[in-house]
There are 2 protein chains.
Amino acid sequence: MMNKRATAKDVADAAGVSRTTVSFVLNHTEGMRISEETRQKVMQAAEALNYHPDAAARSMVKGKTFILGFVIRQEPDKAYADLLLPEVMRGISEVASEHAYHLIFKPVPPADEKNSLTTLFLEHQVDGLIVSGPLANDQEIVDLFNANAPIILQGRIDYPNISSVDINNRKAAEKAVNHLISLGHQRIAFISNASLNYSSSKDRLTGYRRALEAAGFVYDEALVFYGDRTPDSGYQAMQNILRSSAKPTAIFIASDTVALGSLNALYQENIRVPEDIAIMGFDDIPLSKHLAPPLSTIHIPAYDLGWNAAHLLIKWLEHKEIPERDCILDTELIVRESCGSRHKDN
Amino acid sequence: MMNKRATAKDVADAAGVSRTTVSFVLNHTEGMRISEETRQKVMQAAEALNYHPDAAARSMVKGKTFILGFVIRQEPDKAYADLLLPEVMRGISEVASEHAYHLIFKPVPPADEKNSLTTLFLEHQVDGLIVSGPLANDQEIVDLFNANAPIILQGRIDYPNISSVDINNRKAAEKAVNHLISLGHQRIAFISNASLNYSSSKDRLTGYRRALEAAGFVYDEALVFYGDRTPDSGYQAMQNILRSSAKPTAIFIASDTVALGSLNALYQENIRVPEDIAIMGFDDIPLSKHLAPPLSTIHIPAYDLGWNAAHLLIKWLEHKEIPERDCILDTELIVRESCGSRHKDN
DNA sequence: TAATATTGGTAACTCGTTTTAGCAAAACGT
DNA sequence: ACGTTTTGCTAAAACGAGTTACCAATATTA
């Protein structure tokens with residue numbers, strides 16, 4: 001017994017009215033006079049038949065899909081390894097739900113022919129896009145934007161007109177490094193969060209450099225190491241530091257996820273944190289405070305990042321309000337134990 | 001200059017053929033003879049106009065949306081806090097992409113009127129559903145299944161016909177506890193991963209109990225504590241243990257995420273792991289091996305769980321092959337340092 | 001040469017909605 | 001009693017594809 005879904009026609013027949021009337025009643029269409037009696041009949045018929053309007057049909061006539069795309073500009077394995085992402089998603093999906101939008105989530109690495117961003121939008125699978133972690137020169141995004149696609153960026157891009165919801169990575173990094181300097185550290189190493197093709201990585205490195213130079217230290221490339229968003233890369237980078245002649249007294253690791261691997265490497269070598277070396281992270285992933293020792297870091301308002309991006313996008317879609325300014329959210333220095341300025345027993 | 005999307009009609013006009021022909025060419029419809037010359041003309045016109053068929057229109061005529069729903073039966077904050085989820089999602093989304101399906105992700109707590117599961121399917125937003133973490137008696141899922149909705153479960157439910165992709169939680173818990181027993185522990189406490197309304201929690205507790213009893217110990221409720229998927233709940237549970245008269249020498253914590261908080265509580269109290277107390281986790285979240293000390297745990301093949309669920313679902317959708325048996329994947333005991341059977345310097 | 005088969009294509013219907021335009025019947029005003 | 005408004009509803013036209021059924025023109029066969 002294949003229960004076919006009931007259509008508006010079925011409801012109309014059951015209620016003894018026309019499809020038009022059914023549509024008016026169910027959508028509470030303004031300016032249409034329907035007697036209370038018919039309204040009831042329609043409502044009851046719809047209820048009885050368990051009627052739900054077909055999304056595709058509505059989509060076609062409305063010219064909207066009521067679906068938002070959340071796209072990560074990374075390989076799937078890295079995208080899904082990002083521990084901050086779920087919080088961003090939660091922010092987006094909260095707003096989306098509120099406005100009755102759904103969310104398609106998808107990692108779309110740059111230059112991925114078949115699953116390209118463009119396809120997602122041009123096939124009209126989504127009404128608009130939130131793109132996280134664009135490359136600094138992401139031509140596909142620029143093209144899409146110029147083709148009138150509603151896009152909100154999460155991250156900076158070398159193109160002025162596309163608005164973005166982001167943090168000030170440079171300033172935040174400065175804050176972190178300044179704290180280490182204030183604790184008396186003179187040799188501070190740096191491990192990047194990702195390849196410098198990403199603007200966030202570049203900006204965090206710049207912040208590190210500026211803080212050093214502002215304090216009168218020389219920027220030394222021998223103290224700069226690279227991660228690629230994964231704990232393993234942090235482990236590797238730490239190995240490199242330990243085997244190098246760098247001998248820093250503190251390390252600013254521009255990603256808590258990467259720091260995880262670095263801390264593991266230190267643990268294996270019986271190097272104590274913060275007694276032997278001070279560690280400062282970045283991101284404040286949800287578990288940083290649970291590490292041993294709890295990780296000092298820069299808090300990113302991940303949920304708010306998602307929340308704001310979704311809000312701007314939906315405003316754009318519903319009221320044609322194209323955001324004019326970037327939305328830059330505040331970060332916060334979180335001092336825990338890994339950088340040595342506070343002790344367990346405080 | 002509002003660049004409207006090109007339609008099949010536009011392509012037809014540009015190529016000087018009918019819409020029908022455009023459709024035949026672009027879909028490589030079998031059994032339809034098209035001269036090489038017209039084929040080329042159509043292809044070029046489509047290319048030139050940057051034509052992409054409208055998803056909603058295609059969806060309507062095909063009766064399929066080519067979207068899969070991945071639904072978590074939890075409150076959003078808990079759903080997004082699950083550190084194993086991204087891996088499951090990666091498995092699903094990999095398969096989905098391969099078959100040109102998209103993925104709508106959504107936490108839908110039980111008894112959520114407006115965003116109910118039912119709506120998602122009956123409005124035909126999705127072709128089928130993967131439901132993670134159903135309640136043991138999840139009536140909405142049963143109803144939906146009986147209305148012929150393609151559903152694959154991830155977790156057990158008290159209803160025999162709906163097929164699921166899962167692990168054997170009971171056996172896995174037994175394995176974990178047996179290991180602790182084999183190390184000589186006699187007082188082993190238990191912290192649950194979540195409320196016992198969830199079958200996974202219940203099964204893990206059962207496994208703990210059986211292992212104890214099989215070894216000749218008595219099951220003691222004073223040694224059983226509860227988490228709710230969050231590190232904070234693990235922190236709290238550990239506080240309770242430390243303040244109780246339980247005094248276990250080992251604790252089996254049925255979730256690494258919960259264990260994170262528990263470890264934090266121990267760290268604060270200067271209780272060493274594994275010297276003072278042995279800890280065994282469950283899940284093998286990606287960062288368990290990076291903790292200090294690295295956490296012994298039960299490995300869950302999260303990616304494969306997602307991969308298999310998506311495969312079964314798509315087989316169902318594409319070939320009407322309704323899976324007949326549950327798919328139970330293997331778990332593995334991962335011995336690291338937190339349970340004390342192996343030392344750092346090995 | 002006439003009957004038949006093949007090639008290359010199209011007109012028209014379908015999917016399930018929303019929305020515009022219009023039309024009877026009832027209520028109202030003078 | 002006759003025109004005008006209001007009330008309550010519907011027919012029909014979109015939306016943009018896929019698909020069925022059919023039709024010319026050309027090629028093949030008897």
Side-chain angles (χ1 to χ4, degrees), chain A residues 3-43 45-46 49-67 100 119 121-125 127, chain B residues 4-43 45-46 49-67 100 119 121-127:
Chain A
N3 261 332
K4 280 307 286 175
R5 259 179 269 251
T7 78
K9 175 101 173 52
D10 299 331
V11 177
D13 291 351
V17 298
S18 71
R19 284 206 321 279
T20 313
T21 305
V22 172
S23 173
F24 287 160
V25 170
L26 265 31
N27 295 312
H28 306 101
T29 313
E30 310 224 357
M32 288 300 147
R33 309 162 204 292
I34 306 285
S35 72
E36 191 52 29
E37 196 194 339
T38 10
R39 176 185 306 281
Q40 288 301 330
K41 273 195 300 185
V42 171
M43 300 286 256
L49 293 172
N50 197 16
Y51 170 72
H52 291 262
D54 183 89
R58 161 179 283 164
S59 193
M60 211 170 52
V61 61
K62 292 279 221 179
K64 293 185 63 178
T65 62
F66 296 97
I67 299 181
T119 301
F121 180 73
L122 284 184
E123 287 188 349
H124 208 253
Q125 295 275 7
D127 289 336
Chain B
K4 281 306 286 175
R5 260 180 269 254
T7 79
K9 175 100 171 53
D10 299 332
V11 176
D13 291 350
V17 297
S18 71
R19 284 206 321 281
T20 312
T21 304
V22 171
S23 174
F24 287 160
V25 170
L26 264 31
N27 296 310
H28 305 101
T29 313
E30 311 226 355
M32 288 300 148
R33 309 163 203 291
I34 305 286
S35 71
E36 191 52 31
E37 195 193 337
T38 6
R39 175 184 307 282
Q40 288 302 329
K41 271 195 302 188
V42 171
M43 300 286 257
L49 293 172
N50 197 16
Y51 169 73
H52 291 263
D54 182 89
R58 161 180 282 163
S59 194
M60 212 171 48
V61 61
K62 291 280 221 179
K64 293 186 62 178
T65 63
F66 296 96
I67 299 182
T119 300
F121 179 73
L122 285 184
E123 286 188 350
H124 209 248
Q125 295 275 6
V126 301
D127 289 335

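Chain naming here is simple, since letters A, B, ... match the order of the sequence lines and numbering starts at 1 in each. All of these numbers come straight from a predicted model, not from anything done at the bench.
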With a 3.5 Å distance limit and no angle check, can you tell me whether B/Asp54 reaches the backbone of B/Ala56 through a side-chain donor-acceptor pair?
yes
Would you please say whether a donor-acceptor pair under 3.5 Å links the side chains of B/Thr21 and B/Ser18?
yes
Within residues 53-66 of chain A, those residues having any heavy atom closer than 4.0 Å to DNA chain D are A/Met60, A/Val61
From CA spacing to verdict: side-chain contact (heavy atoms from CB on, under 4.5 Å), B/Val25, B/Thr38
CA-CA 9 Å; B/Val25 170; B/Thr38 6; 5.9 Å; no
Hey, which of A/Arg58, A/Arg5, A/His52 is the one that makes side-chain contact (heavy atoms from CB on, under 4.5 Å) with B/His124?
A/Arg5
Whole-Å gap separating P (C/dG16) and CG (B/Leu122)
14 Å
From B/Thr29 atom OG1 to B/Ile34 atom CD1, the distance as rounded to the nearest 0.5 Å
8.0 Å
A/Tyr51 side-chain N/O to C/dG16 phosphate OP1/OP2 under 4.0 Å:
no
Do A/Ser18 and D/dA11 share a donor-acceptor pair, side chain to base, under 3.5 Å?
no
Hey, which sits more toward the 5' end of DNA chain D by its nearest nucleotide, A/Ile34 or B/Thr7?
A/Ile34
Cationic tip of A/Arg39 within the cone over A/Phe24's six-membered ring, i.e. under 6.0 Å and within 45° of the normal?
no
Just N and O in the side chain of B/Thr38: are any of them under 4.0 Å from OP1 or OP2 of C/dG8?
no
For A/Asp13 and A/Asp10, indicate whether the former's side chain and the latter's backbone hold a donor-acceptor pair under 3.5 Å.
no
Respond yes when some side-chain nitrogen or oxygen of A/Ser23 is under 4.0 Å from OP1 or OP2 of C/dT18, and no when none is.
yes
Here the distance between atom C1' of D/dC15 and atom CG of B/Asp10, to the nearest Å, is 13 Å
Could you check how far CZ of B/Arg19 sits from C1' of D/dA21, rounded to whole Å?
16 Å
Which whole-number value in Å describes the distance from B/Glu37 CD to C/dT7 P?
17 Å
Would you kindly give the CZ-to-P distance between B/Arg5 and D/dA17, to the nearest whole Å?
10 Å
Can a side chain N or O of B/Ser35 be found less than 4.0 Å away from OP1 or OP2 on C/dG9?
yes
Just the rounded figure in Å: distance from P of C/dT18 to CG of A/Leu26.
8 Å
Any donor-acceptor N/O pair under 3.5 Å between C/dT6 base and B/Arg33 side chain
no
Taking atom C1' of D/dA11 as reference, at what distance in whole Å does atom NZ of A/Lys9 sit?
13 Å
Considering only D/dA17, C/dT10, D/dA11, which nucleotide approaches the side chain of B/Val17 most closely?
C/dT10
Name the nucleic acid region contacted by A/Thr21, choosing base, sugar-phosphate or nothing; use a 4.0 angstrom heavy-atom cut-off, strictly under.
base
Quickly work out the A/Phe24 CZ to C/dT19 C1' distance and round it to whole Å.
7 Å
